[in-house]
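Single-structure report; data block below.
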Amino acid sequence: MGIDRPDDADVPSGNPDDRPSSSGNDGQHPAPSQAETRYREEYYSARTQVAQQATQADTWTETAGQARWMWGEYQRRWPPEDRPPADRSGDPRGSWRGDSGRFLPSTVNAELEQECDHIADRERETVSPRLREVESCDQRRHLIGFEDRLKGRDRMKEKIAKSMDEKNLSPKEAVSLLPDAIRYTFQYDQARYTESVQADILRMKEQGFRLDILRNSWSTDQYKGVNSQWIDPESSQRFELQFHTRISFEAKQITHSSYERLRTLQTDPFEQMVLEAFQSKVAAAVPIPPGATDIPDYPEGP
């Protein structure tokens, strides 16, 4: 596949005989100016970068195909339909039970339904319009997966029930700490990733959002990208914002089901090993943008 690049005719010639003589120099060709030298260096650097990205894209295409095949083989070995469903036969009317077996009585389930309605209202009226304003500041990147910005209610309840059980929280407290009931993803060009992420962090703050947590995972072996959690001070609504390249986002999509399966804590040691090896193989093929590993965590660790 061809690569767009500047016309060779626009590049200063490297042959001194091709350069015109300068008047007043008795026909002798002058040495290249600093500007000309710098332009030539920038041009060849850009060509090298484009070629590298093309090679990385080809490698990723091959890895993505292998990963999808591997996931199919995993599902043949551990068919999802063979997992026993949660037994809800004796549950009271109006209660809720997740696939993991976590249970919410009817009064708590009704309360959480109202909380989910409030989250949807805040997303629609307050958070998403301001995220769209941030998006409009730079047309070279965009929000991807915007239609999936609201987490499904069953997944919300699963996480809330887990927090209530493990941290002895009330339903309202657990809801207030849910980090990703609303989630967004910015997707960037690989070459401009680092500077663009830093610019968008500043734009988010200018919109009045408060950064609570930022975790840089570009150096990890299971996942590549930057995940952040923000709070809208007016409504106290938390939400997640991820920063990805095209390839790191595709890798996340390919490994998402594996990640969800590991989170259930229902795998045996062999299945866990297979899933972690699968995620490592996918993550290893994701190119790391220049400077991405230097984006600092917040709060910064010791």
Side-chain angles (χ1 to χ4, degrees), residues 79-134 143-185 204 207-215 227-242 252-253 255-267:
E81 58 271 18
D82 286 357
R83 298 167 193 159
D87 182 7
R88 302 178 175 89
S89 59
D91 292 348
R93 184 176 181 180
S95 63
W96 176 91
R97 186 179 299 277
D99 291 338
S100 68
R102 296 190 186 277
F103 176 76
L104 296 171
S106 56
T107 54
V108 174
N109 188 40
E111 182 179 350
L112 292 184
E113 281 292 325
Q114 290 185 341
E115 290 294 336
C116 288
D117 289 340
H118 295 329
I119 290 171
D121 290 341
R122 290 192 286 268
E123 175 275 316
R124 181 179 61 256
E125 298 170 3
T126 303
V127 183
S128 284
R130 288 153 70 189
L131 259 293
R132 285 298 199 188
E133 288 187 30
V134 174
L143 288 167
I144 190 169
F146 187 75
E147 63 279 5
D148 298 320
R149 60 195 177 277
L150 271 177
K151 184 182 285 291
R153 294 200 175 198
D154 283 340
R155 287 293 298 125
M156 284 195 217
K157 291 177 183 179
E158 190 77 50
K159 282 194 165 186
I160 292 168
K162 184 174 185 289
S163 293
M164 291 171 60
D165 291 345
E166 297 180 353
K167 301 177 183 178
N168 195 29
L169 300 176
S170 69
K172 190 171 287 292
E173 288 172 332
V175 169
S176 71
L177 295 176
L178 186 62
D180 60 349
I182 309 170
R183 63 272 176 95
Y184 305 92
T185 300
M204 290 290 291
Q207 279 289 334
F209 296 125
R210 178 166 63 84
L211 178 62
D212 189 45
I213 296 173
L214 186 145
R215 290 291 175 262
N227 288 18
S228 60
Q229 295 176 23
W230 299 78
I231 298 174
D232 172 32
E234 294 182 8
S235 64
S236 299
Q237 178 63 54
R238 287 177 178 267
F239 62 94
E240 180 183 68
L241 177 58
Q242 299 184 8
K252 172 200 157 185
Q253 297 298 93
T255 59
H256 183 71
S257 294
S258 172
Y259 166 76
E260 291 291 340
R261 177 61 179 160
L262 286 168
R263 282 177 61 90
T264 66
L265 302 180
Q266 296 175 348
T267 60

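All of these numbers come straight from a predicted model, not from anything done at the bench. Below, all heavy atoms of this structure are taken into account, side chains as well, without hydrogens, waters or symmetry copies.
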Test item: Asn109 side-chain N/O and Gly94 main-chain N/O as donor-acceptor pair under 3.5 Å: yes

Min side-chain heavy-atom separation Met164-Pro171 under 4.5 Å: yes

Side-chain donor/acceptor of Ser163 to backbone N/O of Ala174, under 3.5 Å: no

Side-chain donor-acceptor pair present, Asp232, Ser235, cut-off under 3.5 Å: yes

Separation of Arg149 CZ from Glu123 CD (nearest 0.5 Å): 4.5 Å

Side chain to side chain contact (heavy atoms under 4.5 Å, CB included) evaluation trace for Leu169 with Ile160: CA-CA 9 Å; Leu169 300 176; Ile160 292 168; over 6 Å; no

Step-by-step side chain to side chain contact (heavy atoms under 4.5 Å, CB included) determination, Thr185 to Leu143: CA-CA 6 Å; Thr185 300; Leu143 288 167; over 6 Å; no

Leu211/Met204 under side chain to side chain contact (heavy atoms under 4.5 Å, CB included): CA gap, chis, key distance, verdict: CA-CA 8 Å; Leu211 178 62; Met204 290 290 291; over 6 Å; no

Distance-only donor-acceptor check, side chains Trp96 and Asp154, under 3.5 Å: yes

Separation of Glu260 CD from Asp99 CG (nearest 0.5 Å): 11.0 Å

Side-chain heavy-atom pair Glu240, Ile182 within 4.5 angstrom cut-off: no

Check: Ser89 main-chain N/O paired with Asp87 side-chain donor or acceptor under 3.5 Å: yes

Minimum-distance pair of heavy atoms, taken over all atoms of Arg88 and Gly98: NH2-C, 3.6 Å

Intermediate values then yes/no, salt bridge (Lys or Arg N to Asp or Glu O under 4.0 Å), Lys157 and Glu115: CA-CA 10 Å; Lys157 291 177 183 179; Glu115 290 294 336; over 6 Å; no

Side-chain heavy-atom pair Cys116, Met156 within 4.5 angstrom cut-off: yes

Aromatic plane relationship, Phe239 with Trp230 - under 30° parallel, 30 to 60° tilted, over 60° perpendicular: parallel

Under 3.5 Å side-chain donor-acceptor pair for Ser170 and Glu173: yes

Distance-minimising heavy-atom pair for Val127 and Phe209: O-CZ, 4.2 Å

Glu111 bridged to Lys172 by N-O distance under 4.0 Å: no

Derivation of the side chain to side chain contact (heavy atoms under 4.5 Å, CB included) call for Asp180 and Lys159: CA-CA 10 Å; Asp180 60 349; Lys159 282 194 165 186; 2.8 Å; yes

Any side-chain heavy-atom pair of Arg183 and Gln242 under 4.5 Å: no

Those residues that, when tested against Gln266, pass side-chain contact (heavy atoms from CB on, under 4.5 Å) (two or more places apart): Ser100, Arg261, Thr264

For Ala86 against Arg97, the heavy-atom pair lying closest together: CB-CD, 4.2 Å

Ile119 CD1 to Leu150 CG distance, which is reported to the nearest 0.5 Å: 8.0 Å

Pairwise distance CG(Leu104) to CD(Glu158) - rounded to 0.5 angstrom: 9.0 Å

Separation of Gln237 CD from Thr126 OG1 (nearest 0.5 Å): 9.0 Å

Separation of Leu112 CG from Asp117 CG (nearest 0.5 Å): 11.0 Å

